[in-house]
There are 2 protein chains.
Amino acid sequence: MTTSGLTPTAQDYLKVIWGAQEWSDEPVTTSALAERLGVSTPTVSEAVKRLAAKGLVSHPRYGSIALTESGRRAALDMVRRHRLLETFLVTYLGYGWDEVHEEAEILEHAVSAAFVDRLERRLGRPTRDPHGDPIPSRDGELPELPAVSLCELAEGAAGQVARVSDADAELLRYLSGAGIGLDGWITVVRHQAAAGVLTVEVDGRRVDLGLPAARAVWVVRK
Amino acid sequence: MTTSGLTPTAQDYLKVIWGAQEWSDEPVTTSALAERLGVSTPTVSEAVKRLAAKGLVSHPRYGSIALTESGRRAALDMVRRHRLLETFLVTYLGYGWDEVHEEAEILEHAVSAAFVDRLERRLGRPTRDPHGDPIPSRDGELPELPAVSLCELAEGAAGQVARVSDADAELLRYLSGAGIGLDGWITVVRHQAAAGVLTVEVDGRRVDLGLPAARAVWVVRK
DNA sequence: CTGGGGAGTTAGCCACACCTAAGAAATTAG
DNA sequence: CTAATTTCTTAGGTGTGGCTAACTCCCCAG
């Protein structure tokens, strides 16, 4: 219901705006959206104008873009679709966790609400996707998990992997190769801030992670 | 490969042209396509012009529209996608055979070639969809089944249901209710051509079918 | 063999989603 | 506090996919 009547492009904009809002305090700007969506700023300007006309976002001239309540609902519906689809691709079709994002990105615009509900039931109402991201409920609830980035962990501290950013498929493959996967245990051995390297121990093996990699891995302490 | 680079609309046109070519000898006209696609004739005219420019169809001015070889390949790829998806929706998500067509109609444009191949493997390389329609192979082979419409059967003759047209969901529900399903046995009891009614026997029960219903059911004799 | 009438195409319009180039606003620098 | 720079928007163009209205072509009937 909430996403019907929206074009795939509009759905994408809402999802990206939601993500930008969620993961940082910086204002959501035209250029930031253009960057993430891979389009020019005028294209974003026009699209945001259309979204505002539909009451899905607010955008004071030259100001920061924000979702309205109905915009947020639509965005979360897309996130729900995306994460359920990723779960399906892994558990039913045997995709790797590095391969699902692109496919889900397209499929999320194509499946019906009935499909999503059936899929959720069939998958056993999962609470997180293959990367550990929580799956929003049908009514827009999004469980918050108490995880922190590997970077936040002090030397000697250990944690269980709860979430890994799916933004970079290459990185996901690297992490798999290093033995890092969901629910695995990691101990931080040494911070080398200057070198931008974090040494961790996984399954008794030592692994050096660059800062981007370390930032992408979220763990639950202890 | 063969369908990539085509818009969903173009894919739909090709599929409909293929269907029109396949199921009747009548020339494929602009107005026939407009009818089936639910758009105006000028819209079809423009779209066909674009398809012809891409070498997917031939259309002599004011003449009949026909697929080229590459057009046929693309159309069959869409048919393959559609039928595999219908099979999936029934076997994995528990859809009824009357509910799958619409959903597959959208999904067929969204799934990747890799998805289709994985799905086919996962489903055990099925040869027909939930309505008995044969599923084209990846290289465009389409098994022909030796079935005839119920109408062709003489009084007293029996046959096994091999294929039911999925064009009308209402009709599919009616047939299910009457106990008619894939692989079931049917005996023709009486033709009443004047009344447009065919009396058949299914599971020991007598059922009266109207002509549209009888035409939609295909059986293998004996 | 000439007129209609119906089918098909062209013309001209709108919306969406993209672009580049140019102009307006806000912020930052001097 | 002006000036320069960055950022955003407007202007104008393209392609796809729709529409209605008007025109053109083909064919059949008289």
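Hydrogens, waters and symmetry mates are skipped; everything else that's a heavy atom, side chains included, is used. In what follows, chains carry the letters A, B, and so on, assigned in the order in which the sequence lines appear, proteins first and then strands, with residues in each chain numbered from 1.
- When the side chain to side chain donor-acceptor pair (under 3.5 Å) test is applied to B:Ser31, the partners found at least two apart in sequence or on another chain are B:Thr29.
- Taking the side chain to side chain contact (heavy atoms under 4.5 Å, CB included) definition, one finds that B:Ala74 meets it with B:Thr2, B:Thr3, B:Leu6, B:Leu14, sequence neighbours left out.
- With sequence neighbours left out, the ring pair (Phe, Tyr, Trp, His ring centres under 6.0 Å) criterion links A:Tyr92 to A:Phe88, B:Phe88, B:Tyr92.
- If you take CG of A:Asp12 and P of C:dC16, they are 16 Å apart, rounded to a whole angstrom.
- Contacts classified as salt bridge (charged side-chain N to carboxylate O under 4.0 Å, His left out) and involving residues 25-45 of chain B (residues at least two apart or in different chains) are not found.
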For a quick test of your reading: what N or O donor-acceptor pairs under 3.5 Å do the side chains of residues 42-65 of chain B make, sequence neighbours left out?
from    : atom 1 : to      : atom 2 : distance (Å)
B:Thr43 : OG1    : B:Ser40 : OG     : 2.9
B:Ser64 : OG     : B:Val28 : N      : 3.1

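- DNA chain C lies under 4.0 Å from no heavy atom of any residue of residues 103-110 of chain A.
- In this structure, A:Thr43 reaches the bases: a heavy-atom distance under 4.0 Å links it to at least one base atom across the strands shown.
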Atom pairs and distances, side-chain donor-acceptor, residues 98-111 of chain B, under 3.5 Å, sequence neighbours left out:
from     : atom 1 : to       : atom 2 : distance (Å)
B:Asp98  : OD2    : B:Arg173 : NH1    : 2.8
B:Glu99  : OE1    : B:Gly96  : N      : 2.7
B:His101 : ND1    : B:His82  : NE2    : 3.2
B:His101 : ND1    : B:Asp166 : OD2    : 3.2
B:His101 : NE2    : B:Glu105 : OE1    : 3.3
B:Glu103 : OE1    : A:Ser112 : OG     : 2.6
B:Glu103 : OE1    : B:Tyr95  : OH     : 2.9
B:Glu103 : OE2    : A:Ser112 : N      : 3.0
B:Glu103 : OE2    : A:Ser112 : OG     : 3.1
B:Glu105 : OE1    : B:Lys15  : NZ     : 3.3
B:Glu105 : OE2    : B:Lys15  : NZ     : 2.9
B:Glu108 : OE1    : B:Lys15  : NZ     : 3.3
B:Glu108 : OE1    : B:His82  : ND1    : 2.8
B:Glu108 : OE2    : B:Lys15  : NZ     : 2.6
B:His109 : ND1    : B:Gln11  : OE1    : 2.6
B:His109 : NE2    : B:Asp12  : OD1    : 2.9
B:His109 : NE2    : B:Glu105 : O      : 3.3

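- On the nucleic acid side, DNA chain D contacts chain B at distances under 4.0 Å to non-hydrogen atoms, with the end points of that region at D:dT16 to D:dC25.
- Whole-Å rounding puts the A:Leu37 CG to C:dC16 P distance at 17 Å.
- Legend: residues meeting ring pair (Phe, Tyr, Trp, His ring centres under 6.0 Å) with A:His131, ordered by chain and number and at least two apart, are absent.
- Base contact: A:Ser40 has a heavy atom under 4.0 Å from a base atom.
- When atom types are taken as modelled, the side chain of B:Arg118 and the backbone of A:Gly94 share a donor-acceptor pair closer than 3.5 angstrom.
- Following rounding to the nearest Å, A:Leu33 (CG) and C:dC18 (C1') show an atom-to-atom distance of 16 Å.
- Residue A:Leu51 contributes atom CG, which lies 12 Å from atom C1' of C:dA17 at whole-angstrom precision.
- We find that CG of A:Leu6 is positioned 15 Å from C1' of C:dA15, with the value rounded to whole Å.
- Judged by a 6.0 Å distance limit and a 45° cone about the ring axis, A:Arg163 is positioned over the six-membered ring of A:Trp23.
- Per the geometry, OH belonging to A:Tyr13 stands 8 Å off C1' belonging to C:dA17, to the nearest Å.
- Under the side chain to side chain donor-acceptor pair (under 3.5 Å) criterion, B:Ser149 pairs with no residue at all, not counting sequence neighbours.
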Could you list the protein-to-nucleotides 2-8 of chain C atom pairs, N/O on both sides, closer than 3.5 Å?
from  : atom 1 : to      : atom 2 : distance (Å)
C:dG8 : OP2    : B:Ser31 : N      : 3.1
C:dG8 : OP2    : B:Ser31 : OG     : 2.8

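- Taking A:Asp117 as the reference, A:Arg80, A:Arg138 meet the salt bridge (charged side-chain N to carboxylate O under 4.0 Å, His left out) condition, with sequence neighbours excluded.
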